[in-house]
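Just so you know, residue 1 is the first one in the sequence shown, and it goes up from there.
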Amino acid sequence: MIKIKKRKILLLPGDGIGPEVMAEVEKIIKWFNSKKSLDFEIDKDLVGGAAYDKHGSPITDEAFYKAQESAAVILGAVGGPKWDNLDFSKKPERALLKLRKELKLFANLRPAICFKQLVDASSLKPELVSDLDLLFVRELTGGIYFGEPRGIKPIDNGERKGINTHVYTSSEIQRVARVAFDLARKRNNKVTSCEKSNVMEAGQLWKEEVQSIHEKEYSDVELNHMLADNCAMQLVRNPKQFDVIVTDNLFGDMLSDEAAMLTGSLGLLPSASLGAKDKNGNMRSLYEPVHGSAPDIAGQGIANPIATILSFAMALRYSLDLDKEADSLEKAVQDVLDEGLRTKDIISKGMKEVSTSVMGDAIISKLQ
Ligand code: IPM
Ligand code: MG
């Protein structure tokens with residue numbers, strides 16, 4: 001068993017805009033080290049297409065080993081058209097899935113917050129989304145993403161069959177449900193659990209297990225069950241009805257993208273993927289922006305670094321026991337938005353357009 005080093009942070013910038021946004025996070029970590037006398041130990045490695053180009057694999061054993069001993073991994077983004085035609089096992093995304101699965105990061109937290117300064121950027125009416133603050137807890141290491149059997153197999157008549165398996169055990173459902181209930185207690189005390197229990201047995205099990213954990217351990221929290229298709233509809237009808245939404249890997253993938261768009265600013269949304277605590281209270285974790293590698297704008301210095309910076313703020317809070325520093329970093333981001341600085345993706349009339357690195361510097365100057 002590899003021991004986790006309390007202060008070690010591994011940066012995996014990845015592909016596309018990943019390296020540009022990660023450079024701003026690195027500046028911030030170095031600022032904390034020199035100005036706040038913190039002792040973060042930064043390591044870096046390649047992941048995704050960048051790792052494939054250099055090593056022929058989307059993540060090397062060495063990089064994976066570094067991830068295992070880090071208190072937090074911060075990942076930029078992986079993938080791009082350049083690697084679209086690679087064999088499935090070599091695709092950039094496999095690195096991310098391997099990290100999630102083998103570090104056992106079963107709980108993926110995806111907040112969807114509508115920043116008041118950006119409410120006009122949402123495609124929904126301002127009154128539906130202003131002050132929106134909901135949190136997805138997506139199960140991340142089970143379900144159809146990893147279920148066996150899987151594959152593409154030849155069958156009769158020259159036809160082929162594509163197979164994936166949606167499977168959950170009771171304990172997989174219970175542990176992610178507990179994360180959702182615990183988080184709800186620190187928020188508005190309300191959990192909505194989403195599945196398709198009307199057509200899937202695994203969905204029926206999901207509903208029963210969440211209900212039973214609720215009755216036994218969390219009856220103080222309000223719980224609603226909702227079919228996932230209805231949830232997709234309710235998210236655009238009245239998103240403020242939700243507090244914490246807990247759901248499986250695939251529904252969580254889709255519904256969290258939908259929720260992200262409600263906020264009008266994909267470039268601002270962070271995420272955390274958390275494992276279980278070990279007996280010393282340490283846990284493995286990975287933090288990444290919700291947006292992807294955006295190859296169309298890579299290398300131009302116009303990407304929005306805020307989602308990755310806020311991902312680092314989540315790392316300060318959930319993995320590094322530095323709540324105060326997390327608050328001050330989140331506040332610095334708010335201050336910069338209040339001042340009217342915007343990267344190109346969120347620019348609007350009367351605001352000042354700035355580059356990736358100017359945005360990073362402005363956030364640092366607010367930290368001072
Ligand atoms: C996400 C992404 C990933 C997923 C891809 C890149 C494998 O869409 O984190 O939501 O499907 O989980
Ligand atoms: Mg996704």
Side-chain angles (χ1 to χ4, degrees), residues 6-13 17-18 20-42 70-77 105 107-118 132-137 179 183 186-187 244 256 259-260 263 265-274 283-291 303-339 341 343 346 356-357 359-368:
K6 266 212 152 78
R7 284 292 182 235
K8 181 160 171 175
I9 302 176
L10 175 64
L11 305 183
L12 297 174
I17 59 172
E20 295 161 60
V21 293
M22 192 64 77
E24 303 313 308
V25 168
E26 196 175 345
K27 279 195 223 163
I28 290 173
I29 301 176
K30 288 185 171 152
W31 182 89
F32 274 112
N33 273 352
S34 70
K35 296 287 178 328
K36 296 278 155 189
S37 308
L38 295 178
D39 52 352
F40 295 127
E41 190 190 318
I42 310 175
S70 299
V73 178
I74 320 281
L75 188 135
L105 308 175
N108 182 216
L109 279 43
R110 298 190 164 186
I113 293 168
C114 187
F115 290 81
K116 61 178 185 311
Q117 302 92 335
L118 297 169
L132 175 73
D133 177 1
L134 67 84
L135 176 66
F136 267 92
V137 179
V179 171
L183 288 163
K186 297 187 197 150
R187 299 168 44 95
V244 175
S256 66
T263 70
S265 42
L266 207 52
L268 264 62
L269 296 178
S271 80
S273 303
L274 310 179
M283 98 188 152
R284 299 215 158 75
S285 58
L286 182 143
Y287 297 83
E288 56 182 319
V290 169
H291 64 67
N304 189 343
I306 291 180
T308 316
I309 291 172
L310 290 176
S311 298
F312 176 61
M314 288 184 94
L316 290 169
R317 175 163 294 121
Y318 292 110
S319 295
L320 302 161
D321 290 327
L322 292 166
D323 280 48
K324 251 182 33 217
E325 286 72 8
D327 289 344
S328 69
L329 184 52
E330 283 164 358
K331 168 92 174 33
V333 168
Q334 290 292 338
D335 288 349
V336 165
L337 292 175
D338 280 340
E339 252 180 21
L341 299 196
T343 43
I346 51 172
T356 310
S357 69
M359 181 59 96
D361 291 341
I363 291 169
I364 290 179
S365 74
K366 292 292 171 195
L367 280 171
Q368 310 281 5

Practice problem: Compare every heavy atom of V137 with every heavy atom of L183, then report the nearest pair and how far apart it is. | Solution: CD1-CG2, 4.1 Å
Practice problem: Report the distance from atom CD of E24 to atom CG of D361, rounding to the nearest 0.5 Å. | Solution: 6.5 Å
Quiz item: If only atom types and distance count, is the side chain of R110 paired as donor or acceptor with the main-chain N or O of A260 below 3.5 Å?
Solution: no
Quiz item: Do side-chain atoms of T308 reach the backbone of P289 as a donor and acceptor pair under 3.5 angstrom?
Solution: no
Exercise. Working to the nearest 0.5 Å, report the span between CG of L105 and CE of M283.
Key: 9.0 Å
Self-check item: Separation between CD of Q368 and NZ of K366, rounded to the nearest 0.5 Å
Solution: 11.0 Å
Self-check item: Side-chain touch V179/L274, heavy atoms, less than 4.5 angstrom
Solution: no
Practice problem: Going by the side-chain contact (heavy atoms from CB on, under 4.5 Å) test, name the single residue among L337, I306, L341, D335 that passes it with I363. | Solution: I306
Self-check item: 4.5 Å side-chain heavy-atom contact, E288 and L12
Solution: no
Quiz item: So, N108 side chain and A272 main chain: donor-acceptor pair closer than 3.5 Å or not?
Solution: yes
Quiz prompt | Minimum side-chain heavy-atom gap L269-H291 below 4.5 Å | solution = no
Quiz item: Nearest heavy-atom pair of G360 and P305: which atoms, and what distance?
Solution: N-CG, 4.4 Å
Exercise. With the side chain counted from C-beta on, respond yes when S285 and M314 share a heavy-atom pair under 4.5 Å apart, and no when they do not.
Key: no
Practice problem: If the plane angle is over 60° it's perpendicular, under 30° parallel, otherwise tilted; pick one for F32 and F312. | Solution: tilted
Quiz item: So, do I364 and I28 sit near enough that their side-chain heavy atoms are less than 4.5 Å apart?
Solution: yes
Practice problem: Determine, stepwise, if the pair T263 / L118 fulfils side-chain contact (heavy atoms from CB on, under 4.5 Å). | Solution: CA-CA 8 Å; T263 70; L118 297 169; over 6 Å; no
Quiz item: With a 4.5 Å heavy-atom cut-off, do D338 and K116 have their side chains touching?
Solution: yes
Quiz prompt | Heavy-atom check, side chain of L322 versus side chain of L38, under 4.5 Å | solution = yes
Quiz item: Which value, rounded to the nearest 0.5 Å, describes the distance between L316 atom CG and L310 atom CG?
Solution: 11.0 Å
Practice problem: Using atom types as modelled and distance alone, determine if a side-chain donor or acceptor of R284 lies under 3.5 Å from a backbone N or O of S273. | Solution: no
Quiz item: CD of E41 to CZ of R7: how many Å apart, nearest 0.5 Å?
Solution: 11.5 Å
Self-check item: Euclidean distance, D323 CG relative to S328 OG, rounded to 0.5 Å
Solution: 11.0 Å
Quiz item: What are the two closest heavy atoms between L75 and M22, and how far apart are they?
Solution: C-CE, 3.6 Å
Practice problem: Flag yes if more than 12 heavy atoms outside D321 fall under 6.0 Å of its CG atom; otherwise flag no. | Solution: no
Quiz item: What pair of heavy atoms forms the shortest contact from R187 to V244, and how long is it?
Solution: NE-CG2, 3.7 Å
Exercise. Starting from the C-alpha separation in whole Å, work towards a yes-or-no answer on side-chain contact (heavy atoms from CB on, under 4.5 Å) for F40 and K30.
Key: CA-CA 8 Å; F40 295 127; K30 288 185 171 152; over 6 Å; no
Quiz item: Among L11, L10, I9, L286, which one satisfies side-chain contact (heavy atoms from CB on, under 4.5 Å) with S70?
Solution: L10
Quiz item: For I74 and A315, which heavy atoms make the closest approach, and how far apart are they?
Solution: CD1-CB, 3.9 Å
Quiz item: Taking the side chain as C-beta and beyond, is there a heavy-atom pair between I346 and Q117 under 4.5 Å?
Solution: no
Exercise. Identify the two heavy atoms, one from F136 and one from A259, that lie closest to each other, and give their separation to 0.1 Å.
Key: CE1-CB, 3.5 Å
